[in-house]
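To start, the structure under review is shown below, and the notes come after it.
The chains referred to below are lettered A, B, ... by the order of the sequence lines, with proteins before strands, and numbering in each begins at 1. Values below: all heavy atoms of this structure, side chains included; hydrogens, waters and symmetry mates excluded. Keep in mind that this is a model prediction, so the values were computed, not measured.
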Amino acid sequence: MLHLKFIRENQALLVDRLKLKNFDATKLVSEIIQLDDQRKQTQNMQDNKQAEVNKLSREIGNLFKSGQQAEANKAKADSSRLKEEIKTFNSKMQEISSSMESLLIQIPNIPHESVPPGKGEQDNIEVYREGDMPELGKEALPHWDLGKKYDILDFELGNKLTGAGFPVFKGKGAKLQRALIQFFLDEAIKAGYNEIIPPLMVNEDSGFGTGQLPDKEGQMYYIPSENYYLIPTSEVPITNMYRDVILGTKDLPVKNTAYTPCFRREAGSYGKDVRGLNRVHQFDKVEIVQIVHPDKSYDCLDEMVNYVEQLLQKLELPFRIMRLCGGDISFTSALTFDFEVYSAAQQKWLEVSSVSNFEDFQANRLKLRFREESGKKNRVAHTLNGSALALPRIVAALLENNQTPKGIQIPPYWFLIPDSNSLIKQKDLPRVYQGIQQLHRF
RNA sequence: GGAGAGGUGACCGAGUGGUUGAAGGUGCACGCCUGGAAAGCGUGUGUACUGCGUGAAACAGUAUUGAGGGUUCGAAUCCCUCUCUCUCCGCCA
């Protein structure tokens with residue numbers, strides 16, 4: 001959420017910039033300002049009354065000490081009267097602040113100036129593309145058929161056990177999943193991220209802290225008996241670790257990574273884009289999260305984009321980077337880059353990562369601050385996160401793009417070889433994909 | 001699930017009705033000292049909001065000792081509800 005002070009001081013800018021997100025904030029902003037004026041006025045009156053009461057109370061204490069009973073009792077009566085008046089102000093203040101809260105959380109984050117205008121996906125701007133599109137020929141199968149053919153991926157079994165969107169990975173399919181998780185985590189750790197294993201359920205406060213609540217309540221699975229939510233991404237627990245925390249300057253940047261399953265109801269999304277692994281209710285993801293000094297958050301965003309880029313290079317998947325337009329960027333984000341890999345058998349781009357700078361939008365809600373080195377002022381930090389990476393569509397593209405008449409042959413050099421229990425060292429391997437070195441035939 | 005004990009500042013920790021926003025310590029910042037550091041010494045050090053300021057500082061006010069409510073002229077201190085943590089017992093992967 002945006003800070004009230006910021007809204008007050010930047011009304012015109014705010015309304016103007018939010019147009020990019022196709023959000024008309026005019027009415028909301030003027031309501032907020034009005035309400036805030038009321039709040040100030042009311043608080044001022046309440047404070048003055050309260051100051052009188054406090055003063056009186058001190059006097060009463062002194063009167064009792066010096067044995068002046070009569071005066072003390074008179075002052076008591078005055079004080080009681082004032083207290084009644086204060087009650088009125090008090091309830092008004094409560095009313096105002098709850099209205100204020102509900103207005104404030106309706107305002108989305110301000111998009112960065114580089115965010116292009118647009119209504120939706122189709123208006124996102126491709127900023128970079130790399131890799132060759134594989135030519136697979138006519139017999140090429142989409143991953144859901146490959147999964148069945150090699151018995152590594154079973155959607156029907158998932159239906160039986162749970163329901164649609166809960167795939168079962170079997171045999172080498174499961175092993176591939178595990179290997180990718182390990183690979184992504186190891187890479188993140190090499191890049192300086194600290195590995196975390198968080199809870200998979202979070203409470204309401206956490207959901208609110210990162211902005212999933214109340215905005216996306218319907219997208220999360222909810223456990224009524226405990227009032228817990230299944231995490232839609234590890235961003236939620238990993239960022240909320242720092243809720244109500246004041247960091248030291250030297251603690252920054254905080255770099256954390258986590259692998260978790262993610263649970264999403266994906267309510268309302270049906271149709272052809274949801275086949276197979278393209279959209280599921282439970283999936284695995286390695287997430288990277290940073291908490292940084294506000295002056296450095298855009299450098300940090302670049303760093304994270306570069307990081308994700310080299311992951312995809314290592315996987316030898318053709319990919320492109322999209323700068324999300326105002327209409328497609330999330331409520332909480334100021335600037336987002338999406339990564340999409342090309343799935344040759346489906347002949348389409350699949351989103352596999354989303355890297356965002358939230359600036360202070362999340363941190364405001366979280367009350368996540370740090371102590372500035374010079375001067376003693378606390379400042380709100382900036383938060384960023386990115387998927388590095390989400391597994392299902394990566395798996396889909398790996399299976400599809402690497403299918404051959406002899407089987408699926410995935411370039412192995414990033415791969416944990418479970419049998420030898422070691423990682424093949426990256427430096428021993430060619431930078432550019434020059435052919436399959438070792439077959440992993442399913 | 002049963003019983004008990006607790007929750008005080010960035011951290012530890014005193015405080016059981018009247019200048020207590022809170023002793024003491026640690027940490028942190030600055031200064032002195034040092035060739036440099038450590039140690040030592042000194043000073044400072046919560047947050048949010050309101051008023052007054054163009055702004056900041058300073059000053060004044062209010063709130064804040066897990067959350068919410070109550071008693072009282074006055075609550076960190078007494079009462080109630082909730083919540084969390086710890087200990088013991090039970091159950092258990």
Item to complete: Mind calculating the distance between CE (A:Met100) and C1' (B:A48) to the nearest angstrom?
Response: 14 Å
Practice prompt. Begin from the C-alpha positions of A:His293 and A:Arg379 and carry the test side chain to side chain contact (heavy atoms under 4.5 Å, CB included) through to its verdict.
Written response: CA-CA 9 Å; A:His293 192 286; A:Arg379 283 183 70 184; 3.7 Å; yes
Worksheet item: Roughly how many Å is it from CE in A:Met93 to C1' in B:G68, rounded to a whole number?
Response: 17 Å
Practice prompt. For A:Asp47 and B:U64, give me the distance from atom CG to atom C1', rounded to whole Å.
Written response: 13 Å
Worksheet item: Listed in order of residue number, which residues of residues 358-369 of chain A have a non-hydrogen atom at under 4.0 Å from RNA chain B?
Response: A:Arg369
Fill in: P atoms of B:G53 and B:U34, separation to the nearest Å
49 Å
Worksheet item: Are any of the side-chain nitrogens in A:Asp328 or A:Lys21 under 4.0 Å away from the carboxylate oxygens of its partner?
Response: no
Worksheet item: With a 4.0 Å cut-off on heavy atoms, is A:Gln50 in touch with a base, just the backbone sugar-phosphate, or nothing at all?
Response: sugar-phosphate
Fill in: Pairing of A:Asp78 and A:Arg81 as salt bridge, 4.0 angstrom limit
yes
Worksheet item: NZ of A:Lys55 versus P of B:U62: gap in Å, rounded?
Response: 11 Å
Discussion item. Using the C1' atom as the point on both nucleotides, what is the distance between B:C33 and B:C86, in whole Å?
Written reply: 46 Å
Worksheet, complete the sentence: Quick note, side chain to side chain donor-acceptor pair (under 3.5 Å) partners involving residues 86-95 of chain A, not counting sequence neighbours, are none
Fill in: Basic-acidic side-chain contact under 4.0 Å: A:Glu31, A:Lys27
yes
Fill in: side-chain contact (heavy atoms from CB on, under 4.5 Å) against A:Ser354, all qualifying residues, sequence neighbours excluded
A:Thr336, A:Asp338, A:Glu351, A:Ser356, A:Ser387
Practice prompt. Please find out if less than 6.0 Å separates the ring center of A:His112 from that of A:Tyr298.
Written response: yes
Fill in: For atom CD of A:Glu9 and atom C1' of B:U54, their distance in whole Å
12 Å
Worksheet entry | Syn/anti label of B:G53 as read from its glycosidic torsion, with the cut at 90° from 0 | syn
Discussion item. Less than 4.0 angstrom from a charged side-chain N to a carboxylate O is my criterion; do A:Lys255 and A:Glu195 meet it?
Written reply: no
Worksheet item: Between A:Asn109 and A:Glu359, is any side-chain donor less than 3.5 angstrom from a side-chain acceptor?
Response: no
Worksheet item: Does any pair with a residue in residues 197-217 of chain A pass ring-ring contact (aromatic ring centres under 6.0 Å, His included), and if so which ones, sequence neighbours excluded?
Response: none
Worksheet item: Does the side chain of A:Ile223 reach to within under 4.5 Å of the side chain of A:Met201, using non-hydrogen atoms?
Response: yes
Could you run down the sub-3.5 Å N/O contacts of the protein with nucleotides 72-74 of chain B?
unit_1: B:C73; atom_1: O2'; unit_2: A:Ser57; atom_2: OG; d: 3.2
unit_1: B:C73; atom_1: O2'; unit_2: A:Ser79; atom_2: OG; d: 2.6
unit_1: B:G74; atom_1: OP1; unit_2: A:Lys83; atom_2: NZ; d: 3.0
unit_1: B:G74; atom_1: O4'; unit_2: A:Ser57; atom_2: OG; d: 3.3

Worksheet item: Touch check for A:Gln94, heavy atoms < 4.0 angstrom, all strands: base, sugar-phosphate only, or nothing?
Response: sugar-phosphate
Worksheet entry | Gap between atoms CD and C1', on A:Gln46 and B:A48 respectively (whole Å) | 14 Å
Discussion item. Say we look at B:G17 and B:C79: how far apart would their C1' atoms be, to the nearest angstrom?
Written reply: 13 Å
Fill in: Watson-Crick or G-U pairs under 3.5 Å in RNA chain B, rendered as dot-bracket with [ ] for crossing pairs and | for another strand
((((((((.[[[..)..(.....]]]((((((.......))))))((((((.......)))))).[[[[[..)....]]]]])))))))....
Discussion item. Could you tell me how far apart A:Ile86 (CD1) and B:U62 (C1') are, to the nearest whole angstrom?
Written reply: 10 Å
Fill in: A:Asp151/A:Lys170 ion pair, N-O < 4.0 Å
yes
Worksheet item: In whole Å, what separates the C1' atom of B:U62 from that of B:C52?
Response: 15 Å
Worksheet item: Taking atom C1' in both B:G21 and B:U65, what distance in whole Å separates the two?
Response: 9 Å
Fill in: Separation between the C1' atoms of B:G24 and B:G15, rounded to whole Å
11 Å
Worksheet item: Please give, in whole Å, the distance from B:A10 P to A:Arg379 CZ?
Response: 19 Å
Discussion item. In whole Å, measure the gap between the P atoms of B:C28 and B:A10 for me.
Written reply: 16 Å
Practice prompt. Please determine, by modelled atom types, if A:Asn54 and A:Ser57 share a side-chain donor-acceptor pair under 3.5 angstrom.
Written response: no
